[in-house]
Amino acid sequence: MSDDCIFCSIVAGDIPGRVVHETETTLAFLDVNPLARGHTLVIPKAHHARLDDLPADVASDLFAAVHELTPRVEAAVDADATTVGINDGEAAGQEVPHVHVHLVPRFDGDGGGPIHAVAGDRPDLSDAEFDDIEAAIAES
Ligand code: 5GP
Ligand code: ZN
């Protein structure tokens, strides 16, 4: 628990949250400023800022909750699809430094875009650059 973390305060019950799902290690609640009807945040109860900080078992629990909730949220708001995303780090747009998965219900013709729309300029990579990146990740 982090004293000045808004999501830790929701877990602790110190500030209200519209909780839709809870397990021993995870909590899901409605986003207070939703991008769509049913926009839900799924978090580990323990305070971890970045995905890389999560212990493997908590990461599994988190994805299990995402897996269970996605169709439930979709059905509850009669959505056609869901965008699932994590802003992992400030440069990616993370504002609350407590890992959270966004479940954003999507509707045919809602005017939104695919996850490809989040990035800036696309790189034009040579085969050698692809080779270097492939090796850097595979060997890390
Ligand atoms: P981020 O930009 O960090 O990925 O997203 C943070 C999300 O948390 C935003 O969508 C924002 O609306 C939501 N949020 C911020 N403060 C609160 C709060 O006090 N309660 C709830 N339910 N959501 C919050
Ligand atoms: Zn926290």
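One is the number of the first residue; the rest follow in order along the sequence. The structure presented is a predicted model; accordingly, all values stated were derived computationally and were not measured. Remember, it's 1-based here, ligands and their atoms both numbered in the order they're listed.
Looking at Gln94 next to ligand 1, no N or O pair under 3.5 Å apart turns up. The N/O atoms of Ile15, backbone and side chain alike, include none that comes under 3.5 Å of an N/O atom in ligand 1. Residue Glu95 places at least one N or O, backbone or side chain, under 3.5 Å from an N or O of ligand 1.
Aromatic pair His98/His100: ring centres not closer than 6.0 Å.
Atoms of ligand 1 lying under 4.0 Å from any heavy atom of Phe7, numbered from 1 in the order shown and given with element: 8 (O), 24 (C). Residue contact check: Asn87 has heavy atoms under 4.0 Å from atoms 1 (P), 2 (O), 4 (O) of ligand 1. Under a 4.0 Å criterion applied to the non-hydrogen atoms of His100, ligand 1 contributes the atoms 1 (P), 3 (O), 4 (O), 5 (O), 6 (C).
Taking the side chain as every heavy atom from C-beta outward, Phe29 and Ile43 approach each other to under 4.5 Å. Using a 4.5 Å heavy-atom threshold, the side chains of Val73 and Thr82 count as separate.
Here the Zn ion (ligand 2) is the vertex; the ND1 atom in His47 and the SG atom in Cys8 give an angle of 110° (to 10°).
At a threshold of 2.8 Å, the Zn ion (ligand 2) has a backbone or side-chain N, O or S atom of His98 nearer than that distance.
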**OP:** Output, in order, the C-alpha distance, side-chain angles, deciding distance and verdict of side chain to side chain contact (heavy atoms under 4.5 Å, CB included) for Val99 and Asp53.
**Re:** CA-CA 9 Å; Val99 174; Asp53 301 326; 5.9 Å; no
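Using a 4.0 Å heavy-atom cutoff, His102 is listed among the residues neighbouring ligand 1. Using a 4.0 Å cutoff on heavy atoms, Gly93 counts as a contact of ligand 1. The closest approach between any non-hydrogen atom of Ile86 and ligand 1 is not below 4.0 Å.
At most 12 non-hydrogen atoms from other residues, nucleotides or ligands lie less than 6.0 angstrom from CZ of Phe63.
No donor-acceptor pair under 3.5 Å is formed between the side chain of Asp31 and the backbone N or O of His39. In this structure, Arg50 contributes its side chain and Asp88 its backbone to a donor-acceptor pair below 3.5 Å. Of the possible polar contacts, one joining the Gln94 side chain to the Ala49 backbone as a donor-acceptor pair under 3.5 Å is found. In terms of modelled atom types and a separation under 3.5 Å, the side chain of Thr26 and the main chain of Glu22 share no donor-acceptor contact. Although no hydrogens or angles enter the test, the distance criterion places no donor-acceptor pair under 3.5 Å between the side chain of Arg106 and the main chain of Glu74.
Scanning the protein heavy atoms around atom 15 (C) of ligand 1, the nearest turns out to be Val96 CG2, 4.2 Å. Scanning all protein heavy atoms for the shortest distance to atom 22 (N) of ligand 1 gives Leu30 O, 2.9 Å. Protein heavy atom at the shortest distance from atom 19 (O) of ligand 1 is Ile6 CG1, 3.4 Å.
Selection from Ile10, Asp31, Val32 by nearest heavy atom to atom 9 (C) of ligand 1 gives Asp31.
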